[in-house]
Amino acid sequence: HVQLVESGGGSVQAGGSLTLSCAAGRYTSKRNCMGWFRQRPGKDREGLAVLWIGGATTTYADSVKGRFIITRDKGKDLVYLQMNGLQPEDTGIYYCAADVPRRYWSNWAIPTTYEYWGQGTQVTVS
């Protein structure tokens, strides 16, 4: 069983930045991808970014492209989501997720394609 743990959420003023972390124990390198999602109040969970472990490439949703950056620290076995230029509409619970079956890779932004999830961390922008 793979346990994902997010951290780094909190409150920030509009225009500010936050960096979220996701720990997958010692198993990050064994995953085929690590993704970040968020669920805003009253809205469905949406995919923000994914990091493809094998190719070390990234894909972003248009809504966050240019503002959010997903990276990985191999030594610490952590995946980060750096969020810049935060606005009140970015408020929500942020989740990391891991592993999408290869046949669903084109659907990386769909929550149901992921096998493992963290518990989420709250981000509030005011």
Side-chain angles (χ1 to χ4, degrees):
H1 178 70
V2 176
Q3 185 173 10
L4 306 179
V5 180
E6 303 97 334
S7 60
S11 297
V12 64
Q13 291 188 335
S17 298
L18 276 177
T19 297
L20 306 180
S21 301
C22 177
R26 297 168 294 166
Y27 300 107
T28 302
S29 61
K30 297 183 183 300
R31 311 276 66 81
N32 61 34
C33 68
M34 298 289 292
W36 283 99
F37 285 73
R38 72 180 172 196
Q39 189 155 16
R40 294 182 283 183
K43 295 188 179 293
D44 293 334
R45 194 170 298 190
E46 60 179 319
L48 303 176
V50 64
L51 187 149
W52 304 101
I53 300 297
T57 57
T58 57
T59 307
Y60 295 92
D62 288 343
S63 59
V64 301
K65 197 175 296 182
R67 291 195 303 133
F68 290 10
I69 303 170
I70 185 171
T71 56
R72 176 189 173 203
D73 185 325
K74 290 185 181 179
K76 296 181 179 179
D77 222 2
L78 292 172
V79 174
Y80 301 102
L81 184 68
Q82 180 182 338
M83 305 184 294
N84 303 311
L86 287 165
Q87 299 300 317
E89 54 265 33
D90 293 312
T91 293
I93 302 173
Y94 284 68
Y95 299 88
C96 71
D99 280 358
V100 175
R102 189 179 184 89
R103 63 188 181 277
Y104 297 133
W105 280 4
S106 62
N107 296 326
W108 69 269
I110 299 176
T112 53
T113 61
Y114 287 77
E115 298 191 26
Y116 304 106
W117 287 88
Q119 81 290 347
T121 186
Q122 176 72 42
V123 172
T124 302
V125 186
S126 59

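Heavy-atom basis, side chains included; hydrogens, waters and symmetry copies ignored.
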Heavy-atom closest contact ([X] atom, [Y] atom, distance):
X: Ser17; Y: Asn84; value: OG-OD1, 3.0 Å
X: Gly47; Y: Ala61; value: O-CB, 3.4 Å
X: Leu48; Y: Leu81; value: CD1-CD2, 4.2 Å
X: Lys65; Y: Tyr60; value: CE-O, 3.8 Å
X: Met83; Y: Tyr94; value: SD-CE2, 3.5 Å
X: Asp73; Y: Gly75; value: OD1-N, 3.0 Å

Is there a donor-acceptor contact under 3.5 Å from the side chain of [X] to the main chain of [Y]?
X: Thr121; Y: Gly9; answer: yes
X: Gln13; Y: Ser126; answer: no
X: Arg45; Y: Gln39; answer: no
X: Thr58; Y: Leu51; answer: no
X: Asn32; Y: Val100; answer: yes
X: Asp90; Y: Gln87; answer: yes
X: Gln82; Y: Thr19; answer: no

Original post:
Does Arg38 count as lying over the ring of Tyr95, i.e. NZ or CZ under 6.0 Å from the six-ring centre, within 45 degrees of the axis?
Top reply: no
Evaluate the side-chain proximity of [Y] to [X]: yes if any heavy-atom separation is below 4.5 Å, no if none is.
X: Arg72; Y: Ile53; answer: yes
X: Val2; Y: Arg31; answer: yes
X: Leu18; Y: Leu86; answer: yes

**OP:** Check the pair Arg40, Glu46 against salt bridge (Lys or Arg N to Asp or Glu O under 4.0 Å), reporting the backbone distance first and the verdict last.
**Re:** CA-CA 9 Å; Arg40 294 182 283 183; Glu46 60 179 319; 3.0 Å; yes
**OP:** Verify side chain to side chain contact (heavy atoms under 4.5 Å, CB included) between Trp36 and Cys22, making sure each step is shown before the conclusion.
**Re:** CA-CA 9 Å; Trp36 283 99; Cys22 177; 3.6 Å; yes
ILVMFWY network linking [X] to [Y], side-chain heavy atoms under 4.5 angstrom:
X: Tyr80; Y: Tyr116; value: no
X: Val79; Y: Val5; value: no
X: Val50; Y: Trp105; value: yes
X: Leu78; Y: Leu20; value: no
X: Met34; Y: Tyr114; value: no

Subject >> Pairwise disulfide (SG to SG under 2.5 Å) hits with a residue in residues 30-79, at least two apart >> reply: none
**OP:** Kindly state whether the ring of Trp108 and the ring of Trp52 have centres lying under 6.0 angstrom apart.
**Re:** no
Original post:
Under 6.0 Å between the ring centres of Phe37 and Trp117?
Top reply: yes
Original post:
About how many Å separate OG1 of Thr124 and CD1 of Ile93, when rounded to the nearest 0.5 Å?
Top reply: 9.0 Å
Subject >> Residues forming a salt bridge (charged side-chain N to carboxylate O under 4.0 Å, His left out) with Lys76, sequence neighbours excluded >> reply: none
Subject >> Residue Glu89 excluded, over 12 heavy atoms near CD under 6.0 Å >> reply: yes
Subject >> Asn107-Thr113 side chain donor-acceptor pair, cut-off 3.5 Å >> reply: no
